[in-house]
Protein chains: 4
Amino acid sequence: MTKTAKKRQTRPGRIARQAELLTTVYKVVSEFGIDAASMRQIATRAKVSTGTINYHFRNKEKLVMEALQAAYQMTLPEADSAHTPLERLKGFAFGYILHEPNDRFWRFWMNYTVYGSRNEELRKHQVHWFKKQHSFWAKLVREAVKEGELPPHLDGAETAEQLLVFTHGLMVRQILEPDKKNQTRCRKMLEQYFARLEADAGVCKPTVNGTREVSMLSRRGKAA
Amino acid sequence: MTKTAKKRQTRPGRIARQAELLTTVYKVVSEFGIDAASMRQIATRAKVSTGTINYHFRNKEKLVMEALQAAYQMTLPEADSAHTPLERLKGFAFGYILHEPNDRFWRFWMNYTVYGSRNEELRKHQVHWFKKQHSFWAKLVREAVKEGELPPHLDGAETAEQLLVFTHGLMVRQILEPDKKNQTRCRKMLEQYFARLEADAGVCKPTVNGTREVSMLSRRGKAA
Amino acid sequence: MTKTAKKRQTRPGRIARQAELLTTVYKVVSEFGIDAASMRQIATRAKVSTGTINYHFRNKEKLVMEALQAAYQMTLPEADSAHTPLERLKGFAFGYILHEPNDRFWRFWMNYTVYGSRNEELRKHQVHWFKKQHSFWAKLVREAVKEGELPPHLDGAETAEQLLVFTHGLMVRQILEPDKKNQTRCRKMLEQYFARLEADAGVCKPTVNGTREVSMLSRRGKAA
Amino acid sequence: MTKTAKKRQTRPGRIARQAELLTTVYKVVSEFGIDAASMRQIATRAKVSTGTINYHFRNKEKLVMEALQAAYQMTLPEADSAHTPLERLKGFAFGYILHEPNDRFWRFWMNYTVYGSRNEELRKHQVHWFKKQHSFWAKLVREAVKEGELPPHLDGAETAEQLLVFTHGLMVRQILEPDKKNQTRCRKMLEQYFARLEADAGVCKPTVNGTREVSMLSRRGKAA
DNA sequence: TATGAATGAGATTTCATTCAT
DNA sequence: TATGAATGAAATCTCATTCAT
C-alpha cells in the first residue's frame, strides 16, 4: 500500500484553506451529524473537490477530529483579562446557553461526544479537551475564591466539575427543545446555579454545623 | 442450489416478535448510534429478514421511534410504593448512573436526542416523553416536600427540572468517560446534589416564610 | 415442485369476488402501470389479503391477463341493436375519446400493450382481442355499406383497420395531453375522419374518376 | 481476495462517456420498458458501475429524460434539403414504420409516453418534443401546399396533427404485432393515407372556393 | 497541489411469492 | 378458502475513497 504517511509541510496559503474547510465541516456536522454529513456535501459547501479533502486529511474520521480541534481553538481561548475570575467563569458557562452562532459549536460538540461512544479515538480526543477545559475552569474557581468572589470552602476541581455537568445538562435540555422560551428558562437556571454558588454552597459535603459557620463568616467577611 | 426450503419454525406471534425486534433495535442503536445501526445489522441480530422489519415498521425512522417508546415503557414505570417519595425520586435519578444494563437505555436515549436535533418528528417524540418524566418527578418532589423529606420552599416543577438537567449532564459526563472510576465520581456528585437539596437550597427562592425550622435557622444564622 | 396446477372449480360467490378483484387490478394498473402496481396495493384496494390473490390467480402476470380479459368483456359487448350499423361503429370509435370512466380502460390497454412488447404471452393475448375487435368493426362497416350509410367501395376489413389505427393514434395523443381541450380536439378529428369516410373515401385507392361517380350515385341514392 | 486493482483504462472523457451511457439506456429501455430496465442492468451493459450512472445523472428519472432528449436529437434533425417538402414529410412519417434500427427509438418513445401518464415531469417533456415535431411537420405541409405538392385547402397544423395521430396509431399497431407482414400492411396504410391526402381531402374543410375542380364537382353533386 | 470522474460496497426499501394457520 | 407474517432477492441511490490527469 502507498499508505506511507506523506507528511505534508505547512505552507502559506495551505493553512487558510484548511481553516476554511474545517469551519465548513463544523457547520455541516452541527447541522446533520457526523454520519449524515457527507464528504461531498462538505466539499461542495467549502467549494473544493472531494479529492482535495482526502488529500489534506486522510479520511473522514481525521477530518472530523481536526475540525473539533479547530473549533475548540476558535471557541475556548477567549480568555482575556479586564474581567474578574468569576465574570470570566460565568462568561464561559453562559456560553452553553445556545444562541447563534455558538450553538453550532455545541451541536457539533454533542454529535462528536455521542459519536465518541463508539469510536475510542474520537472519545479520547474529546476527553483530552474536556480535561483542559475542566482544569481551566478549576483555576478560575480558585482565583475567584482567592478574590472573595466565591465562598472559601469551595474546591476548585469539584466546583468546576459540577458546573460542567450542569452546563452539559443544560445543553442537552436545549437540544431537546431549541426554542427561545426554553433558552430563557435555561439561562435562568444557570443564574440560579451561580446565585446558590456565590451565596452559600457550604451544605454540599459538610452537613455538620461547624463548617457552616465558616461559610457564614466568609459572607460576612465579604460584606465587611 | 442450496434453496432447500429452510423450514421456518412456528412463528412466535406478532406481538412477541415485535417486542423482540424492538429490544434488538435498542441494543444495536445503543451500541452504534442511529445512523450507524443498519437495518441489515438489526435484522441479522434479531434473526429475521430485512423484509420482516420493514413489514412490521414502515421504515427505519418509525422503527427507532417505536423502539424508544418501548424502551421508555420498559424502563420508566417502575413506580412502586413501599418507598417514600424521596427514595423513589432518588431511585429514578440514580438510574442515570450508568451501569449494566440500564446504560443501554441511556446510550440509546442520548443518540436519539442528538439525532432529534435534525429530525423534528423524533424530537417532538422525545420532548413528549421528557415532559411526562418531568411532571412525574415534579409530583414526587411535591410529595416529598409534603412529607417533610425536602425543604418546604422547593417548587416541584423547578426542582425537578434542575435535577433533570443535572442528571442529563451526568449522563453526558459518563458517555465521555465510561469507566468505573468516573461512574463512581458521578454517583458522588449526585449524592452531593441530593444532600444540598435536602439540607437547604433556600438561597434560590427565599420567598417562603417560617415553615421548616431547621431551614429557617440556617437562614437566620446567615442573616445574623 | 408442487406446481401441479390445482384446477379450481368455479363456485358461486367465487365469481363475484374475482370480478371485484379484477376491477381493482384494472383500476390500479390504469393509474400506475403494470410494473408499478404492486400486489399489496391491489390487495389493499380490493380489501383482500395478498395470499388470496395468489391463491386465486397463480401470479401477477396471470392476474393482469385475466384483468384485461374481464375488462374487454365489460367494455366491448355493448352491441345493442336499435342503432344503425354506422351509429354503432361510431359509438365504439368515439369510445376512444377519453372521458371518465372509460379512460381507465384505455390507460390499462395502453399499459398492457406496451408491456406486451416484452412479454410474448401478454402480447398474443392482446392480439387475440384486437382481432376480435377488428372483425367486429369490419362487420359493422360492411353492414353500414349495405345499408348505404357508407360509400359502397369501402372494404370492411381495410376500413376497420384504418379506423382502428386512427383511434389508437388518438388515444396516444390523449395520453400525451390528457386535458379537456385536447380531448375536444381529438373528438373533432374523429368527426372529420367519419365525415370524410361518409362523404367519399373513394380517393384512397382508385384515383380514377370512374369510381368517383359511383360514390356520388350512392349518396344520391340515399337522398332519394 | 481478487481485489487486485483492476486498472481502469484511460477514461474516454465526460461527454463521450455520457453519450455512450444514454445510448445504452435507450437500448435497454426500448427492450424492457422503463420500470423493468434496472439501473444495474444499464450499468452492466454500459460497462460502468452503478455509482457512475448516479454520479452523472442524479437518478433514474433524470437519466431516462436525458436519454429521450439525446434520442430525439439523434433521430429528428435529419432535415436535409435536396428533397421536396412532401418527400421530406413522407420521410419522417415513414420513419414510423418500424424497422431496425429506428424501431428502438419508437419503442423507447412508446414506453416513455405511457410512463408519462403517471409522471407529470416526463409527460411535459414529451409534450414539448411533440410540439416541436408537430410544428415542423406543419411547416413542411405548408411548404408542400405552396409548391403544389398537396391540395391548397389543406391547413398545415391540422393536416400535420392528423398525420401524427395516424402514424402514432400505426406505431401502436406495430407494437401489437411486430412481425414483417404487419409492417408491410402498415406501410401500405400509410401510403394510402398520403395518396388520399395528395389527391383530395377536400371534404374536411370545404371553406375554400373553386380552386380544384374535381373537389368542387363532388361537392356540388352532393348538394344536388 | 488540486481535481472530479469513477468505483463498488452497502444502505434503505419494495416486492412477488410462500406457507403455517 | 382465506389470511397475513415472513422471506430474500433485487431495486435505487449514497458514500468514502481512489487515482489519472
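Naming: A, B, ... by sequence-line order, numbering from 1 per chain.
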Q: Examine distances only and state if a side-chain atom of B:Lys27 and a backbone atom of B:Arg104 form a donor-acceptor pair shorter than 3.5 Å.
A: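 It does not hold such a pair.
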Q: For D:Thr24 and D:Glu20, indicate whether the former's side chain and the latter's backbone hold a donor-acceptor pair under 3.5 Å.
A: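 Confirmed, D:Thr24 side chain pairs with D:Glu20 backbone.
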Q: Give the stems involving DNA chain F, where a stem is 3 or more consecutive Watson-Crick or G-U wobble pairs (i with j, i+1 with j-1, and so on) under 3.5 Å.
A: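 Paired runs of 3+ in DNA chain F: E:2-21 with F:2-21.
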Q: Could you tell me whether A:Arg123 and A:Glu120 have a side-chain N and a carboxylate O separated by less than 4.0 Å?
A: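 Salt bridge flag = yes for A:Glu120 with A:Arg123.
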With a 4.0 Å limit, can you tell me whether [X] has a side-chain N or O closer than that to the phosphate oxygens OP1/OP2 of [N]?
X       : N     : answer
A:His56 : E:dA2 : yes
A:Thr52 : E:dT3 : yes
C:Ser49 : F:dT3 : yes

Q | Nearest-nucleotide pick for D:Tyr55, side chain only, options being F:dC13, F:dT7, E:dA5 | A |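 Looking only at side-chain atoms, D:Tyr55 lies closest to E:dA5.
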Q) Any idea which of F:dA11, E:dT12, E:dA5 is nearest the B:Lys60 side chain? A)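 The answer is E:dT12, which lies nearest to the side chain.
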Q | Residue whose closest nucleotide on DNA chain E lies nearer the 5' end, C:Gln41 versus D:Ile53 | A |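 The residue whose closest nucleotide sits nearer the 5' end is D:Ile53.
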Q: Check the angle between the aromatic planes of A:His125 and A:Trp129 and answer parallel, tilted or perpendicular using the 30° and 60° thresholds.
A: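 Aromatic pair A:His125/A:Trp129 classed perpendicular.
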What integer distance in Å separates [X]:[atom1] from [N]:[atom2]?
X       : N      : atom1 : atom2 : value
D:Asn59 : F:dT12 : CG    : C1'   : 9 Å
C:Leu63 : E:dT17 : CG    : C1'   : 13 Å
A:Ile34 : F:dA16 : CD1   : P     : 12 Å

Q) Tell me the salt bridge (charged side-chain N to carboxylate O under 4.0 Å, His left out) pairs involving residues 30-39 of chain A, sequence neighbours left out? A)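 Every salt bridge (charged side-chain N to carboxylate O under 4.0 Å, His left out) pair that includes a residue of residues 30-39 of chain A, provided the two are not neighbours, is A:Glu31-A:Arg45, A:Asp35-A:Arg118.
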Q: Could I get the full list of side chain to side chain contact (heavy atoms under 4.5 Å, CB included) partners for D:Gln41, not counting sequence neighbours?
A: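 Counting only residues at least two positions away or on another chain, D:Gln41 forms a side chain to side chain contact (heavy atoms under 4.5 Å, CB included) with D:Val28, D:Phe32, D:Ser38.
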